[in-house]
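See structure below.
The figures here come from the full heavy-atom set of this structure, side chains too, leaving out hydrogens, waters and symmetry mates. Here the structure is a predicted model, which is why all the values come from computation and not from measurement.
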Amino acid sequence: NEPCHVALVYPGAAATLYVNGKTFATKKSDDHVFTFKVPMEHVLKVMLSEAQRTDYCYAVVFDLDGLKHINDNYGHTEGDYAIRSIANAVAKVTEGDEVSIRAGGDEFYLLGVRAHCTEKTLIDKVSKYRDAVAEINRASNKPYEISASVGFSLKKLSEVHTVDDIICDADKYMYLCKSENKKHRR
């Protein structure tokens, strides 16, 4: 295995993510989420190439709550604002050895591989994320509250067959959270 060299270049507020000298992703100055030039799976393979079988792999899935309600009642510009706000909060808690990805319209993944990681580490990360969203809500003075359901999964790399497996596990927990959140919103 060749060593993996990752560089994140910020010319102004725009950014380019280089892995082994190749452009993997770019980001506009007004955006906080990278647009990948290669499939996400390729980026994850690069992340995993340096990992040891004893390392831990984890996924945190964030899914915006109530996007349809925001779009229907306040317009798509406000819906876009809500999506960007969740992206900003996810980016705020993403550390240098992790990658955060917009996986769908209003769903984001935070993925990482580390030699040492515990459930408490991820619970703390989710707590910091919730603090970031609370700050966005306080500062925005919007007539709606932004929130997202969150789920995570943590496994030894030796127990992970594919990255999709760990994302699916995190997704299951996110949907349990979403179900609970819907009960409390009624």
Side-chain angles (χ1 to χ4, degrees), residues 31-34 36 40-41 43-44 47-48 55-76 78-114 116-157 159-186:
D31 200 358
H32 293 278
V33 178
F34 283 95
F36 282 86
M40 179 178 74
E41 293 79 17
V43 175
L44 298 176
M47 280 180 72
L48 294 172
D55 288 350
Y56 290 89
C57 181
Y58 56 92
V60 186
V61 176
F62 306 83
D63 190 80
L64 179 62
D65 294 328
L67 179 60
K68 181 178 178 356
H69 172 79
I70 294 169
N71 281 338
D72 290 351
N73 292 285
Y74 305 103
H76 288 270
E78 290 298 316
D80 290 346
Y81 170 82
I83 291 169
R84 282 192 316 275
S85 295
I86 294 300
N88 289 340
V90 172
K92 190 171 189 171
V93 299
T94 302
E95 297 175 43
D97 60 344
E98 300 171 326
V99 62
S100 56
I101 300 164
R102 183 175 179 188
D106 62 351
E107 188 169 273
F108 297 85
Y109 301 155
L110 187 153
L111 306 166
V113 177
R114 290 187 176 163
H116 304 288
C117 189
T118 64
E119 282 191 9
K120 182 176 180 340
T121 304
L122 297 179
I123 289 168
D124 290 347
K125 183 174 287 296
V126 170
S127 179
K128 288 176 185 172
Y129 158 80
R130 293 196 189 288
D131 290 345
V133 170
E135 181 56 37
I136 289 167
N137 281 323
R138 275 192 297 275
S140 74
N141 293 317
K142 298 288 183 183
Y144 55 85
E145 188 168 284
I146 296 168
S147 68
S149 298
V150 182
F152 68 81
S153 183
L154 169 70
K155 293 185 177 184
K156 281 250 188 195
L157 200 53
E159 300 168 4
V160 176
H161 300 290
T162 68
V163 174
D164 282 344
D165 292 341
I166 198 154
I167 290 172
C168 285
D169 284 350
D171 216 35
K172 285 183 220 171
Y173 291 113
M174 182 277 296
Y175 278 109
L176 289 172
C177 179
K178 188 168 277 295
S179 176
E180 284 299 309
N181 288 346
K182 281 183 182 178
K183 288 179 192 174
H184 295 297
R185 281 197 309 262
R186 290 182 183 158

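- At least one side-chain heavy atom of Leu122 sits less than 4.5 Å from a side-chain heavy atom of Tyr58.
- A 4.5 Å side-chain heavy-atom check between Asn71 and Glu78 finds every atom pair outside the cut-off.
- Classified by interplanar angle (parallel below 30°, tilted 30° to 60°, perpendicular above 60°), the ring pair Tyr144/Tyr74 is tilted.
- Under the 4.0 Å criterion applied to side-chain N and carboxylate O atoms, Glu95 and Arg114 are assigned as salt-bridge partners.
- When side chains are defined from C-beta on, Ile136 counts as touching Tyr81, because their heavy atoms get closer than 4.5 Å.
- Looking at heavy atoms from C-beta onward, Ile167 lies in side-chain contact with Tyr109 at the 4.5 angstrom threshold.
- Atom CD1 of residue Ile86 and atom CD1 of residue Ile83 lie 9.5 Å apart, to the nearest 0.5 angstrom.
- The distance from the CE atom of Met174 to the SG atom of Cys168 is 10.5 Å, given to the nearest 0.5 Å.
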- Could you check Glu107 against Asp171 for side-chain contact (heavy atoms from CB on, under 4.5 Å), going step by step and ending with a plain yes or no? CA-CA 10 Å; Glu107 188 169 273; Asp171 216 35; 3.5 Å; yes

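- Closest heavy-atom contact between Tyr56 and Lys156: OH-CE, 3.4 Å.
- Taking the centre of each ring, Tyr129 and Phe62 come in below the 6.0 Å mark.
- Ion pairing between a basic and an acidic side chain is recognised when a charged N comes within 4.0 Å of a carboxylate O; Glu135 and Arg138 show such pairing.
- Look at Lys120 and Asp124 and you find a salt bridge, because one of the NZ, NE, NH1 or NH2 atoms lies within 4.0 Å of a carboxylate O, short of that distance.
- Rounding to the nearest 0.5 Å gives a distance of 14.0 Å between NZ of Lys92 and OG of Ser100.
- With a 4.5 Å cut-off on side-chain heavy atoms, Lys172 and Asp169 count as touching.
- For the residue pair Val133 and Ser147, the shortest heavy atom distance occurs at CG1-CA, 4.5 Å.
- With values rounded to the nearest 0.5 angstrom, Ile101 atom CD1 is found 9.0 Å from Leu110 atom CG.
- Side-chain contact between Val150 and Arg130: present, with at least one pair of heavy atoms (C-beta onward) separated by less than 4.5 Å.
- A heavy-atom distance below 4.5 Å is found between the side chains of Lys178 and Asp63.
- Of the options Asp80, Leu64, Ile146, a side-chain contact (heavy atoms from CB on, under 4.5 Å) to Ser85 is made by Ile146 and by none of the others.
- Thr94 places a side-chain N or O within donor-acceptor distance of the main-chain N or O of Val90, the cut-off being under 3.5 Å.
- A donor atom on one side chain and an acceptor atom on the other are found under 3.5 Å apart for Asp65 and Ser149.
- Between Cys177 atom SG and Phe152 atom CZ the span is 11.0 Å, to the nearest 0.5 Å.
- Between the Asn73 side chain and the His69 main chain, a donor and an acceptor come within less than 3.5 Å of each other.
- In this structure, NZ in Lys155 is found 6.5 Å from CG in Asp165, a value given to the nearest 0.5 Å.
- Residue Leu154 comes nearest to Cys117 through the heavy atom pair CD2-O, 3.7 Å, listed as atom of the first residue, atom of the second, then distance.
- Counting heavy atoms from C-beta on, the side chains of Lys125 and Glu98 come closer than 4.5 Å.
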